[in-house]
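First listed ligand is number 1; within each ligand, the first listed atom is number 1.
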Amino acid sequence: MYINLPSNNHYRRPASYASKGYHSRRMAVDFAVPLITNVKNAKLLAEALVRKLPLDVSNVDAKSSHLTHTFPGLINIGAFVPGLSVPGSQDLITSTAANLSGGFNTVIFSPVGVNGGIVDRQSLEQARSNVSGHGHCSYAFTICATAANVGLMDDELQAEVKALFVPTSTPLSVIASHFSAWSSEKVILTDAKGSALASILLLASLHGRTVHVSDVRTLEDLLLISLSKAKHLKVTCDVSVYSLFFTAEQFPGVQVLPTAEVQKVLWQQLDVIDAFSVGANPYLLASTLGKPASVCSGVEETLPLLLTAVSEQKLTLDDVRRRMYDNPMKIFSISDQHVTSIEVVIGRRVKYNVHPSCWSPVLQVSGETHRVVVHGQTAFLDGSLFSIQNGRDISGSVIAHAVPATTNKDDHATLPPIMSLVAQPGTPHDQYDLASHVLHIQPHPAFHRRHILSVKQFSQKDIYDLFAIANEMRFQVEKNGGVDILKGKVLCTIFYEPSTRTSSSFDAAMKRCGGQVVQIAAETSSVQKGETLEDTIRTLACYGDAVVIRHPAVGSAQEAAKCSPIPVINAGDGIGEHPTQALLDVYTIRSELGTVNGRTITLLGDLKNGRTVHSLVSLLCLYSVRLNFVAPSLLAMPSNVVSAARKAGIPVTICESLDEVLADTDVLYVTRVQKERFQSEAEWLLVKDAYRINHAVLSRAKEDMIVMHPLPRVNGEFERVCLKSFI
Ligand code: NCD
C-alpha cells in the first residue's frame, strides 16, 4: 500500500507534472501496488486501522441501479439561433453553451434566424464575430440559398461554410442554378416538403449531388426519401426529436408536429432515418403556444428524451450513436472526436429541469447527461458548465474519414499500451530497480517501419501515442541515462545541409537507445564525385536499419524514400518540411503549458523559407488553436500553408507587426531569416533585422507567454534576452 498525495500547487509550471511524486505514483499503478492519493481516504484508512475495522475491500468501486454509457461528442446538425446575424447578439454563444450542456460537442447552425440569416459574406462575418472566441463547443455555419445570392457563392465563400441550405419556398430555377454552382465536396440541405422535395430530389439525381433532408414529418416525404435511397440516390434525412415524442393532437393548432399516426410510422421506419435533430421545432412550438422560447429551446432535453426511449427499449444506444454521431460526421465531413466524450446515465427517472430561459413540454425523463469531456478536460458535470470557451469554427474543414472509431471508455482501456515497463521474472516489487527492467515497445502502425516524411502522415491519436512514449523515454534517460531497445541497430545519417541540433539529436537518441550511428557528411562523401541521391540511399540501406536525410531540395526525402528499402526520416527538405522538429515543438508547448488546445501561437520571422514552421502549422491543425503569422510581405507564410490551416478550421491572423497580436499570444515562435535561401544578398539585407525580441517586447506580452526558436539564432533575433533552455 502506498499513500502519496499530489501537490496542489497551481503556480507550478505544468512541465513539472513529471515530478518525483508523479513517478512514484505511476510506479505504484504500473506494479499494481494499492495507491491512495486523497487525504480524506488516507485519513479514513488510518482511522479504520486504528479502530481495527474489517478491511475487506471489494473490487467494485460503486453500485447503482442505472446504466451508464459513454458516447463520443455528439453532433447537433441543425441548431436554430434566432439572433444569428443580429449585431451584438449573444444567441450564438448561448447556443454553444446549451449544446455543450446537452451533450453536443459540435453544433451546425441553421442559416435561418428570426431577424435575418446567413445569405452572404457580410451576414456570415456578422454571425462569426458574434461567437468568435467565445464558443463553448465546436461550431459550423451554413448559408441559405436565395434568388439574389446565386452569383455570390464564390469558392472562398463556399469554403467558409459547411453546407448550402435550400429552403422549401425556393423557386425551382433558383435551386437549379445553386445546384450547378455549389461545391461537390459539400452537402446541400433542404427542409422542402411534398412536391418541392420531389423536385429537389430529381435535381439532385440529375446533378449527382448529395442532399440531406431535414425535419421529415409526413408519410409522403418519408416514402419519397425511402424510394430515392432504394435507387441509390445520395440522399440522407433527419427527424426532429420533438416529432418522435410529441404530436399535433397534444398541441392543437401547432403546425410543427406530426400526427400520432405519422409519429407511429416514423418509429416503425427508423431505418430510413439517418440522423436525429433538434431543429427549430422546439422554439416554434413554445412561441406558437405563447410560452417563453429561446435559443436553448429543445437543446438540453434532446438527449434525455432519446435516453428515455432507450430505457423503454424503443431505441438502442447504438441507434442514438449512429444518428447523433456516426452519420452526422459522415454527412457533414466532420472529424473524428476521439478526445471528446459524453457520459450519460440511463434508467434513472428524474424530473426534467427546464432551462430557465425557455418552456419545455418535457416533464420527466429516464436518462440524463452526466459529464462532457472535451479534449480530456471535464467541461460539464452534473448540471454545471466549466467550459473554457475555446470552441472553434470548423465550417471550413472537410474531413474524409473511414469508419469512425469507438470512443467508448472501455475501448480505451483495452487499447494495447504502446509501451510498458515489465518486471523481469522473479524480481520482487520491493527490490524495484528501473535499470533491471526491460522496456517493451509494441509496434505502432503509424511509426513501425514507416518513412517519416511529413507531419501530415500523422493523426492526433498517433501524436498522442508518440508523446506518451516520449514522456517515458525522457524519464528513462533522466533516471538511467538510456535504454537498450535499439541494441544491434544502425542508423545512417546524411546531411547535405549544415546541422548541429538535428544531426546530434538523432545521434544522441540512437546512442541512448543502445544503437549505433554511421554519420556521412555530404561534403566528404561520394556526393562530391557526382553520385546520385538514389545510389547514395541504396548504398546506405545496405548498412543501416534506417536513414536520416537533410537535403536542400523540397521533396528530396520523398525521392529518397521511393528507392529506399529501409525507413527514411526527413530531417529537413529545403524549404519544405521538418517533421521531427515540429513534433518536438508541439511536445515542448504541451510540456511547458500543460495543453496545446486553446493556445494562441504566433509564428514570427522567415515564414516563407522556414521549414520548421511549415511542419508546425500542419501539426497544430490537429489541435484547437489560434495562429498568427507575423512576417514582412517578402517572407510571408506560403498561401498553401495558410489555406490548409483555414481549411482545418483554425482562425488565422496574418500581419506584419508583432504588436498587433503580441498581447494575446501564449507561444511566440521566432525563426531565423534564412540567408542561404535568398536570390541576392541585397534582398536579405532588406529583411534580415525585421524583428528583434528584447525586454521591451516581452514586457508587452502575457506574463506566462513562452518564447521558442528552432535555432540557430544568428541575426540577433534576440537582443540581450537570455534563453532558459536549449532543447
Ligand atoms: C532549422 C532548420 O535547419 O530547419 N533548425 C533546426 O533544424 N532545428 C532552422 C534554421 O535553419 O533556421
Do any nitrogen or oxygen atoms of [X] lie less than 3.5 angstrom from nitrogen or oxygen atoms of ligand 1?
X    : value
P712 : no
E676 : no
T612 : no
R501 : no

Subject >> Heavy-atom gap G572 to ligand 1 smaller than 4.0 Å >> reply: no
Original post:
Counting N and O atoms only, with roles assigned by atom type, does the side chain of R590 sit under 3.5 Å from a partner on the main chain of V596, one being a donor and the other an acceptor?
Top reply: no
Considering only NZ, NE, NH1 and NH2 on the basic side and carboxylate oxygens on the acidic side, decide whether [X] and [Y] come within less than 4.0 Å.
X    : Y    : answer
R611 : D573 : no
R26  : E472 : yes
K20  : E478 : no

Subject >> Heavy-atom check, side chain of F447 versus side chain of I469, under 4.5 Å >> reply: no
**OP:** Consider only side-chain N and O atoms of S556 and Y496, and report whether a donor and an acceptor are under 3.5 Å apart.
**Re:** no
Original post:
Should one rank K675, Q674, H578 by closest heavy-atom distance to atom 10 (C) of ligand 1, which comes out on top?
Top reply: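 Closest candidate by heavy-atom distance is Q674.
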**OP:** Give the contacting part of T671 toward ligand 1: side chain, backbone, both or neither, where contact means a heavy-atom distance below 4.0 Å.
**Re:** neither
